[in-house]
Novice: 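Dumping the structure here so I can ask a few things about it.
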Amino acid sequence: MLHTDVTLPAVPPSARQDTERVVGEVETFLREAISLVEPTISGREQTGPGHTTRILPGMLLWAGLLVCVLHGVSKQLALWRLLSRRGLWGHPPIALSDQAVYKRLGTGGTAVLEHLFAQISGILADRLAPYLQTTLAPFATEVLALDETTLDQVARLLPALRGLAPGDRRLLPGKLAGLFDVRRQQWVRVEHQSNPVQNEKVAARRMLDGLARGCLILADLGYFGFAWFDELTDRGLWWVSRLRAGTSYTVAHVAYRRGQTLDALVWLGAYRADRTKHLVRLVQFQVGAKTYRYLTNVLDPTVLPMADLARLYARRWDIELAFKTAKVHLHLGLLWSARDPVILQQVWAVLIIAQIVQGLRLEIAGRAGVDPFDVSLPLLVEYLPFLASFGDDPLRAFVEDGQRLRFIRPASRTRIQAPVIPRDALTAPPSDLDRERTPRYAGKR
């Protein structure tokens, strides 16, 4: 069902303060923001002497695209049907062909959607401030997860693609690199890369440009590298990583050791040909038969205790779940087109809706006094428009009746159980311990 007559509170500051009336939320959020980005253009365009024809206002094009994403449609035709049969937000239906919509999308680019993404992100930053998870690495200015995801293959609809075999790499429309704010549950930056097999660290360096000193970066083993760790430290950024199996290191100081539990300062790279510039901290502990090993440049275990470090790294999965939200729950895994411009428009439309929905989940969790991951995001995506279409307040329904209706339930995420080391059991490093040395990176000039 494609319902478009949802009424929601506006987004100026006065309305954002009214947390008890968030009815539907998304469409008015979009309507207000879009009107500031691209004003409605004239509904008539001169096409020849004495002849005019109706054209599609830019506001309706982008608004219709976002509404279609919000309601989970799977084809571009839904956008044409919406605008030509029903109209949108008080605008009457527009007599135009499906090909006119396709052509407009094909030439429309993504600048308006990217602008809208930035604008909505700014609005949400103010709105979500009371609900931030400030106890998560409080010494860091921000906690950001870094990762990439490959976009799903396009259908072999274009003449140039019809001869390709299923699974051919040329059917991949690239991948997305992203920085995700773990405290706010919001995308900070997203970049499309046309090459789906490009090394992760190529885009990563651009993603980090301009970040304030003191940000903490969570990244998986795809980003593991001595030069990469040193670059992060030289930029004034904190980082946490797992230790890659087989990595050599030399212990410089042991803060705590008992059985398989270790908290120590180490030099990565035991050989002169490949070694880091900066001293790092290695944390190790065992749970059952599994041994966990983490690295960080937060050298003081009283600033980032072992148990907190392990739980912090587990939050790296937040960006994996955010990608899943986009690809599964908001249907980015089902691309509407094989044409690059339209693919990227769908990408940005999905990210805009994801930004809003993830923000609403954080607000619901804050108002209900539960963990954000106890609020079911799939059910929020499904029931947000449904409840609003009947005049209910979806956020109030989730907050007040969420547990009875199982919108709110214990999250199934794995909880890391790491040892808690008493402060008085830690041995401080000697004051004259070297913390830098001359680096050498194997395979790099």
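This structure is a prediction, so every number in the text was calculated from the model and none was measured.
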Novice: Hey, does the side chain of R183 reach the backbone of L136 with a donor-acceptor pair shorter than 3.5 angstrom?
Specialist: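 Checked: pair present.
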
Novice: Find out whether F407 and L380 are in side-chain contact, i.e. whether some heavy atom of one side chain is under 4.5 Å from a heavy atom of the other.
Specialist: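 Side-chain contact under 4.5 Å: no.
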
Novice: State whether a side-chain donor-acceptor pair under 3.5 Å links Q198 with Q193.
Specialist: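 Yes - a donor-acceptor pair under 3.5 Å links their side chains.
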
Novice: Please report the closest heavy-atom contact between P93 and S84, naming both atoms and the distance.
Specialist: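 Taking every non-hydrogen atom into account, CB-O, 3.4 Å.
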
Novice: Closer than 4.0 angstrom, basic N to acidic O: yes or no for R206 and E191?
Specialist: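 A salt bridge links R206 with E191.
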
Novice: Quick one: pull up CG in L362 and CZ in R184 and give me the separation to the nearest 0.5 Å.
Specialist: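 Separation between the atoms: 10.0 Å.
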
Novice: Under 3.5 Å, is there a donor-acceptor pair between the side chain of T141 and the main chain of C215?
Specialist: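 Such a contact is found between T141 side chain and C215 backbone.
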
Novice: Just how far is it from atom CG of D181 to atom OG of S121, taken to the nearest 0.5 Å?
Specialist: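 With rounding to 0.5 Å, CG (D181) is 10.5 Å from OG (S121).
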
Novice: Return the minimal non-hydrogen interatomic distance between G222 and D220, and the atom names on each side.
Specialist: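 Shortest heavy-atom contact: N-OD1, 2.9 Å.
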
Novice: Can you tell me how far apart CD1 (I408) and CG (L379) are? Round to the nearest 0.5 Å.
Specialist: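 CG of L379 is found 11.0 Å from CD1 of I408.
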
Novice: Check the side chains of Q284 and T291 for a donor-acceptor pair under 3.5 angstrom, ignoring hydrogens and angles.
Specialist: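 Per modelled atom types, T291 and Q284 side chains form no pair under 3.5 Å.
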
Novice: Is the side chain of T296 donor-acceptor paired with the backbone N or O of W239 at a distance under 3.5 Å, no angle test?
Specialist: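 It does hold such a pair.
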
Novice: So that I know where these two stand, are F229 and F224 an aromatic pair - ring centroids less than 6.0 Å apart?
Specialist: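 Yes; F224 has its ring centre under 6.0 Å from that of F229.
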
Novice: Looking at R235 and E231, is any side-chain nitrogen of the basic one under 4.0 Å from a carboxylate oxygen of the acidic one?
Specialist: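 Result for this pair is yes, salt bridge flagged.
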
Novice: Kindly give the heavy-atom pair with the smallest separation between A310 and A418, and that separation in Å.
Specialist: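 Heavy atoms of A310 and A418 come nearest at CB-CB, 3.8 Å.
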
Novice: Using side-chain heavy atoms (C-beta onward) and a distance below 4.5 Å, is P439 in contact with T276?
Specialist: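 When only atoms from C-beta onward are counted, T276 and P439 do not touch, as no gap falls below 4.5 Å.
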
Novice: Looking only at side chains, do T233 and N297 share a donor and an acceptor under 3.5 Å apart?
Specialist: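 Per modelled atom types, T233 and N297 side chains form a pair under 3.5 Å.
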
Novice: Please determine whether side-chain contact (heavy atoms from CB on, under 4.5 Å) holds for the pair Q185 and L128, giving the CA-CA distance in whole Å, both sets of side-chain angles, and the decisive distance to 0.1 Å.
Specialist: CA-CA 9 Å; Q185 293 296 292; L128 298 177; over 6 Å; no

Novice: Show your reasoning for whether side-chain contact (heavy atoms from CB on, under 4.5 Å) applies to V347 and V350.
Specialist: CA-CA 5 Å; V347 166; V350 165; 6.0 Å; no

Novice: Mind checking whether L144 and L216 have side chains closer than 4.5 Å, heavy atoms only?
Specialist: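 Sidechains of L216 and L144: no contact.
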
Novice: So Y223 and L221, do their side chains get closer than 4.5 Å, heavy atoms only?
Specialist: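 Result no, sub-4.5 Å side-chain heavy-atom pair not found.
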
Novice: Where do P372 and Q133 come nearest, in terms of heavy atoms and distance?
Specialist: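 Here P372 and Q133 meet closest at CD-NE2, 3.5 Å.
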
Novice: When you measure from the centre of the six-membered ring of F373, is the NZ or CZ of R361 under 6.0 Å away and within 45° of the axis?
Specialist: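 Positive - R361 is close enough to the ring of F373 and near enough to its axis.
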
Novice: Is the shortest side-chain heavy-atom distance between L295 and L268 below 4.5 Å?
Specialist: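 SC-SC contact between L295 and L268 confirmed.
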
Novice: So, does Y313 use its side chain to make a donor-acceptor pair with the main chain of A219 at under 3.5 Å?
Specialist: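 It does hold such a pair.
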
Novice: Under a 4.5 Å cut-off applied to non-hydrogen side-chain atoms, are L179 and W187 in contact?
Specialist: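 No, side chains not in contact.
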
Novice: In terms of side-chain geometry, is the basic nitrogen of K277 or D234 positioned less than 4.0 Å from the acidic oxygen of its partner?
Specialist: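 Salt bridge: yes.
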
Novice: Determine the interplanar angle of the W348 and F117 rings, folded into 0 to 90°, and report it as parallel if under 30°, tilted if 30 to 60°, perpendicular if over 60°.
Specialist: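 Taking F117 first and then W348, their aromatic rings stand perpendicular (interplane angle over 60°).
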
Novice: If you round to the nearest 0.5 Å, how far is CZ of F180 from CG of L321?
Specialist: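 Those atoms lie 8.5 Å apart.
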
Novice: Salt bridge between R316 and D147, side-chain N to carboxylate O under 4.0 Å?
Specialist: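 Judged by the 4.0 Å cut-off on N to carboxylate O distance, R316 and D147 do form a salt bridge.
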
Novice: Is the side chain of R409 donor-acceptor paired with the backbone N or O of D374 at a distance under 3.5 Å, no angle test?
Specialist: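 Yes.
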
Novice: What's the verdict on ring-ring contact (aromatic ring centres under 6.0 Å, His included) for Y441 and W228, showing C-alpha distance, side-chain angles and the deciding distance?
Specialist: CA-CA 10 Å; Y441 309 124; W228 170 247; over 10 Å; no

Novice: Would you indicate whether the side-chain heavy atoms of L282 and Y249 approach each other to under 4.5 Å?
Specialist: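 Yes, their side chains come closer than 4.5 Å.
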
Novice: Would W62 and L116 satisfy side-chain contact (heavy atoms from CB on, under 4.5 Å), going step by step from the backbone distance to the final call?
Specialist: CA-CA 10 Å; W62 307 121; L116 182 60; 5.8 Å; no

Novice: To the nearest 0.5 Å, tell me how far D274 CG sits from T247 OG1.
Specialist: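 It is 9.5 Å, given to the nearest 0.5 Å.
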
Novice: Side chain of Q346, backbone of I343: donor and acceptor closer than 3.5 Å?
Specialist: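 Checking the backbone N and O of I343 against the side chain of Q346, no donor-acceptor pair under 3.5 Å is found.
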
Novice: Would you kindly say whether K327 and T149 are connected by a side-chain donor-acceptor distance under 3.5 Å?
Specialist: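 Distance-only check passes for K327 and T149.
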
Novice: Apply salt bridge (Lys or Arg N to Asp or Glu O under 4.0 Å) to residues R127 and E363 and explain how you reach the verdict.
Specialist: CA-CA 9 Å; R127 182 187 182 111; E363 182 172 338; 2.6 Å; yes

Novice: Verify the neighbour count for atom CZ of R189: are there more than 12 heavy atoms of other residues, nucleotides or ligands below 6.0 Å?
Specialist: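 Atom CZ in R189 is crowded, with more than 12 foreign heavy atoms closer than 6.0 Å.
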
Novice: Less than 4.5 Å apart, any side-chain heavy atom of W238 and any of F139?
Specialist: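 In short, these two side chains touch, coming nearer than 4.5 Å.
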
Novice: Which heavy atom in V283 sits nearest to a heavy atom in M306, and how many Å separate them?
Specialist: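 That would be CG1-CG, 3.4 Å.
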
Novice: Between Q186 and L124, what is the shortest heavy-atom contact and its length?
Specialist: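 Shortest heavy-atom separation between Q186 and L124 comes out as OE1-CD1, 3.2 Å.
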
Novice: What distance do I123 atom CD1 and Q355 atom CD have between them, rounded to the nearest 0.5 Å?
Specialist: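 Between atom CD1 of I123 and atom CD of Q355 there are 11.5 Å.
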
Novice: Is it true that a side-chain atom of R293 and a backbone atom of R242 form a donor plus acceptor pair closer than 3.5 Å?
Specialist: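 Pair absent, no side-chain N/O of R293 close to backbone of R242.
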
Novice: Is the closest basic N to carboxylate O distance between R315 and D318 below 4.0 Å?
Specialist: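 Answer for the salt bridge query: yes.
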
Novice: Would you please test L330 and L351 for side-chain contact (heavy atoms from CB on, under 4.5 Å) and show each step?
Specialist: CA-CA 9 Å; L330 295 175; L351 290 172; over 6 Å; no

